[in-house]
Amino acid sequence: MFVNVQGAKIHFSDSGKGAPTLFLHGIPDSGAVWKDVTRVVSASYRCVVPDLPGFGQSAAPAGFHISLDEMAKFVDAFLVALGISEPVNLVVHDIGGPYGLAWAVRHPEKMRSIAIMNTVFQSEYRWHRYGRICRTPILGELLQILTSQSGLARAMRVNSGATKPSREHITATYRSFTASVRKMVLRVYRGLDPQVFQGWDTQLRALSAVVPSLVMWGDRDTYIDASFASRFGAQKVKHFPQCGHWPMVEIPEIVSRNLLEHLSRVVPADAPLGRASTALAPVLPE
């Protein structure tokens, strides 16, 4: 399905019934990366899964800038376009983290719960080697041009744990890694210097203290060290020592089970969450 958001066609899937639960993917993925998890979770919750701007089948809105404010505005506009006005369960991974967590910080009253997997939202983080190359003019463009399916497969397997992505998954990921997606990858890396998270990370930790919050972390991730799992202020942190960067692909059954348990802890809709979270409204530089 497609919906118009900020003048761009955004592809998404929408399955199940119940409290809306928003899943945001990372690089180089699309919303399809969540399919083994949403297949289970959609039996109890409404699972809304977009391809983020410039990824998968989604276009990027004209004039779209890679900044936390723009990311937060996009997520809010997407939910408005779908007519979702009630609080949302948020599930994020990789670059979906800055999108979703920035939106959560800007709109704490719209949060029902937060689940975080292998992402970054801390100013002390330093980009991994691939990110540093992507951030470098010319070198980044060359890397994107030269990335083959075998190169992508090698990178995905190195950053996975005991269970490696299947050949079918890697082939599908590479097929969607089009020239326009590669350009968006460079835009994302170049637009998100870790220092931009300063101030936002403090607000996120405050929010995580008052809404059900969970971190599920694959410890074999070479992109983001496992020590970052404890820096989101989440009420519960679960480490998976045999898992790498993609928990939803490597251990979907375990992720689904933990996510359903997490969602069952959510504060009832008639509880005064809005009043509590309104006090957390951020005062951040525009």
Side-chain angles (χ1 to χ4, degrees), residues 8 24-30 33 51-56 58-75 92-103 105 116-160 173-174 176-201 204 217-218 220-229 231-232 244-246 284-286:
L24 301 180
H25 67 82
I27 292 174
D29 305 308
S30 67
V33 78
D51 292 346
L52 291 170
F55 290 90
S58 290
F64 183 76
H65 298 291
I66 300 300
S67 71
L68 295 179
D69 268 317
E70 285 289 307
M71 290 173 160
K73 288 175 183 176
F74 168 80
V75 173
V92 300
H93 173 253
D94 193 83
I95 203 63
Y99 271 93
L101 300 177
W103 172 71
V105 166
I116 297 168
M117 283 175 267
N118 295 70
T119 188
V120 172
F121 207 70
Q122 293 83 22
S123 58
E124 64 268 28
Y125 178 73
R126 295 296 175 264
W127 281 117
H128 45 78
R129 183 170 179 269
Y130 178 83
R132 293 196 302 272
I133 295 173
C134 285
R135 285 173 56 80
T136 305
I138 302 178
L139 284 180
E141 280 77 5
L142 285 173
L143 176 61
Q144 295 305 317
I145 291 171
L146 296 174
T147 298
S148 63
Q149 181 167 334
S150 61
L152 179 66
R154 185 165 51 252
M156 293 181 71
R157 287 170 179 149
V158 165
N159 283 285
S160 299
T173 301
Y174 185 76
S176 66
F177 199 35
T178 61
S180 60
V181 169
R182 295 177 194 224
K183 289 180 181 178
M184 181 55 76
V185 168
L186 296 179
R187 289 179 61 187
V188 168
Y189 278 117
R190 292 171 182 178
L192 288 181
D193 190 289
Q195 67 183 7
V196 305
F197 298 117
Q198 191 163 9
W200 295 79
D201 51 355
L204 175 63
W217 203 270
R220 291 196 184 183
D221 187 348
T222 66
Y223 295 132
I224 316 168
D225 190 83
S227 63
F228 280 89
R231 303 185 189 185
F232 297 90
H245 183 67
W246 289 275
L284 298 171
E286 294 295 338

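Everything numeric in this text was worked out from a predicted model, so none of it was measured.
- No more than 12 heavy-atom neighbours from other residues, nucleotides or ligands sit within 6.0 angstrom of CD1 on I138.
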Check your understanding: Yes or no on side chain to side chain contact (heavy atoms under 4.5 Å, CB included) for Y189 and T136, after CA distance, side-chain angles and deciding distance?
Key -> CA-CA 9 Å; Y189 278 117; T136 305; over 6 Å; no

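- Remark: Q144 engages Y130 in a side chain to side chain donor-acceptor pair (under 3.5 Å) (not counting sequence neighbours).
- In this structure S180 satisfies the side-chain contact (heavy atoms from CB on, under 4.5 Å) test together with T178, sequence neighbours excluded.
- S176 approaches P28 most closely through the heavy-atom pair OG-O, 4.5 Å.
- Listed by chain and number, the residues in a ring pair (Phe, Tyr, Trp, His ring centres under 6.0 Å) with Y223 are H128, H245 (sequence neighbours excluded).
- Not counting sequence neighbours, S123 has no partner by the side chain to side chain donor-acceptor pair (under 3.5 Å) test.
- Residue pairs meeting the salt bridge (Lys or Arg N to Asp or Glu O under 4.0 Å) criterion with at least one member in residues 142-158, sequence neighbours excluded, do not occur.
- Judged as a side-chain contact (heavy atoms from CB on, under 4.5 Å), and not counting sequence neighbours, the contacts of A72 are A102, W103, R106.
- In this model, a donor atom of one side chain and an acceptor atom of the other lie less than 3.5 Å apart for D225 and S227.
- Sorted by first and then second residue, the pairs that involve residues 133-153 and meet salt bridge (Lys or Arg N to Asp or Glu O under 4.0 Å), not counting sequence neighbours, are R135-D193, E141-R190.
- Remark: W246 engages D29 in a side chain to side chain donor-acceptor pair (under 3.5 Å) (not counting sequence neighbours).
- In this structure F55 satisfies the ring pair (Phe, Tyr, Trp, His ring centres under 6.0 Å) test together with H25, sequence neighbours excluded.
- Here the side chains of V120 and F197 are in contact, with some heavy-atom distance below 4.5 Å.
- A side-chain contact (heavy atoms from CB on, under 4.5 Å) with L52 holds for exactly one of V188, L24, I27; it is L24.
- Contact detail for C134 and V185: the closest heavy-atom pair is SG-CG1, 4.4 Å.
- Aromatic ring orientation, F228 versus Y125: perpendicular (interplanar angle above 60°, classes split at 30° and 60°).
- Here the closest heavy-atom approach between residue T119 and residue F232 is recorded as O-CZ, 3.5 Å.
- Between I95 and L192, the closest side-chain pair of non-hydrogen atoms falls below 4.5 Å.
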Point to revise | Derivation and outcome, side chain to side chain contact (heavy atoms under 4.5 Å, CB included), residues W200 and L101 | key: CA-CA 9 Å; W200 295 79; L101 300 177; over 6 Å; no

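- Residues satisfying the side-chain contact (heavy atoms from CB on, under 4.5 Å) criterion with T147, sequence neighbours excluded, are L143, L152, F177, R182.
- Of the inter-residue distances, the one linking N159 atom CG with N118 atom CG reads 10.0 Å to the nearest 0.5 angstrom.
- Partners of H93 by side chain to side chain donor-acceptor pair (under 3.5 Å), not counting sequence neighbours: none found.
- Ring orientation note: the planes of F74 and Y99 are nearly perpendicular, at an angle over 60° on the 30°/60° scale.
- The side-chain contact (heavy atoms from CB on, under 4.5 Å) search around A60 returns P53, M184, R187, not counting sequence neighbours.
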